[in-house]
Amino acid sequence: MMVITTLYDLTISPFVEFAFMRRALVGAIALSLGAGPIGVFLMLRRMSLVGDAMAHAILPGAALGYLIAGLSLGFMTAGGLIAGFVVALLAGLVTRITVLKEDAALASFYLISLAGGVVLVSLRGSNVDLLHVLFGSVLALDDPTLLLLAATATISLAALAVLYRPLVLECVDPLFLRTVSQSGSATHLGFLALVVLNLVAGFHALGTLLSVGLMMLPAFAARFWSTTIEGMIGCATGIGISSSAIGIIVSYHLSTPTGPTIILTAGVMYLISLLIGLKNGLLLRLIPRKHFAA
Amino acid sequence: MTQATAIQLHDLTLGYDRHPAVHHLDGYFEVGSLTAIIGPNGAGKSTLLKALAGTLQPLSGSVAMPEQDMRVAYLPQSADIDRDFPISVEDLVGMGLWRKTGPFGTISKQDRLAIAQALDSVGLAGFEHRMVGTLSGGQMQRVLFARLMLQDAAIILIDEPFAAIDTKTVQDLMQLVQQWHSEGRTILAVLHDMGLVAKFFPDCLMIAREPVAWGKTSEVLTEAHLAKARAMIEAHDPHADYCERAA
């Protein structure tokens, strides 16, 4: 009985006792649902750093929204979305019509955007506000923010269902997709839009920089547990959700900042997967195993 | 008897950075013809296929396909497929059904059967659930031929399909090409193996940036033509004047 009571005190009672804990959990779960599959596709397309770049690109938009209307959900969200889309579109255009490759084009615009964002934030407001934009406030999610997170998850999953086949094809054999269909560019842009949307939703909870963590770390971890896309998406989502739950509880007991603790938990999960993952985990290499006859 | 024209080339010039890789090519491929496209490296063979597949805009001139419903299936040189991507052989071959399934259509039981049959006909029966990352080079080429088969196109373009492929696989895949030919499809293949060309391909187009010869294979594969093709200068002339040849 003692053990059960202790377990209850450690894991369940904080959520029973405090509404802000429940809100944090629901928000983080919603984020994980959308970010998990998107992270897997980013990883498989060798675009793992694109999420990072986009997160930086979003900052000035959010800052501009903040300058106009203070800590307003609507303005900061709209600003972030616009900045993200503009950078994605400009980078796409430059990639298509000049010699610069996508990584260079994206880097150039996110750097401009980031510098602009920092200047904008410092024009008004204290460092506390900057901290909010950079690292989010997962323990202070109000109703509209929760709705935004839930809506983002819904839109992302529905859009991924629609984009799934062209997206896979675009990853595996883009030239083939181009010969059978005109949907290649639309698919790519649609996918980038989903990345931006999830990062913007994520920055309210985790901040612009850390929201990438909930997208990418579970995806990397999933690579060590499955060899199929479906399996990886399932694993990544599961790892994202459990990282969120564990991270929130740990931060409650240790009084650490919640957002970073969630991402750190995801990081630990990734390191564990890297070590003991059943698909090409490091430990498997150390165990001598017999090979097959054919 | 005059055959219908599958592909008509009007004074076609293709290239990169305005330097021609295929220069003023005029002519046509008949419906149901089986043509080998030969020439030295850098002669513009792949460039020509790209233009026919619609992935490269001509610098001048045009490509026309006058017949109704002439869909093109294109297998590029060492297709730039991400072989690390976690996708099964069945799913990759199934892409050949895109015209039927589109982005959302389901893969029916019948479709799966068609995929299995296509795999069987390239000698890979039972490979459906293998991941493409585990295939050898020759097996991958067989898989791509199975996909090409499912595309069920009237015009088939294949670019150096037998580079680094063993004799047995070449034989099997050549048999498939002949089967497509007997089904009345129009086939263009870029090849380097002159023995193969002479044995299996009734028609031949030899280019070396400029068209060298085009017609019956026996009349194209002459020492004089080969010598002319070899004399092509590969490098672009950065100081070249603009081409004033009348269109």
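Keep in mind it's a predicted model, so treat the numbers as computed, not measured. Quick note: numbers below take in every heavy atom, side chains included, and nothing from hydrogens, waters or symmetry partners.
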(message) Whether A:Arg178 engages the ring of B:Tyr74 as a cation-pi pair (distance to the six-membered ring centre under 6.0 angstrom, angle to the ring normal within 45°) should be assessed.
(response) no
(request) Identify the heavy atoms of A:Thr227 and B:Pro86 that sit nearest to each other, and give their distance. (result) O-CB, 2.9 Å
(message) With rounding to the nearest 0.5 angstrom, report the OG1 to NZ distance, A:Thr179 to B:Lys50.
(response) 13.5 Å
(message) For A:Leu167, which atoms come within 4.5 Å of any heavy atom of chain B: side chain, backbone, both, or neither?
(response) neither
(request) Measure the shortest side-chain to side-chain distance between A:Val162 and B:Pro103 over non-hydrogen atoms and say whether it is less than 4.5 angstrom. (result) no
(request) With a 4.5 Å cut-off on heavy-atom pairs, point out which of A:Val172, A:Leu163, A:Thr228 contacts chain B the most. (result) A:Val172
(request) Select one option (side chain, backbone, both, neither) describing which atoms of A:Thr187 are under 4.5 Å from chain B's heavy atoms. (result) neither
(message) For B:Thr101 and A:Arg165, which I'm curious about, is there any donor-acceptor pair between the side chains at under 3.5 Å?
(response) yes
(request) Test B:Asp82 against A:Arg46 for salt bridge (charged side-chain N to carboxylate O under 4.0 Å, His left out), laying out the working first. (result) CA-CA 10 Å; B:Asp82 181 358; A:Arg46 310 214 165 92; 3.4 Å; yes
(message) Between A:Ser181, A:Gly231, A:Ala161, A:Ser183, who has the most heavy-atom pairs with chain B when the cutoff is under 4.5 Å?
(response) A:Ser181
(message) As an exercise, state the distance from CG of A:Leu169 to CD1 of B:Ile87, rounded to the nearest 0.5 Å.
(response) 7.0 Å
(request) Please say whether more than 12 non-hydrogen atoms of neighbouring residues, nucleotides or ligands are located less than 6.0 Å from OH in B:Tyr28. (result) no
(message) Please classify the contact between B:Met95 and chain A as side chain, backbone, both or neither, with a heavy-atom cut-off of under 4.5 Å.
(response) both
(request) Could you please spell out the steps behind the side chain to side chain contact (heavy atoms under 4.5 Å, CB included) verdict for B:Leu75 and A:Phe176? (result) CA-CA 8 Å; B:Leu75 181 59; A:Phe176 181 79; over 6 Å; no
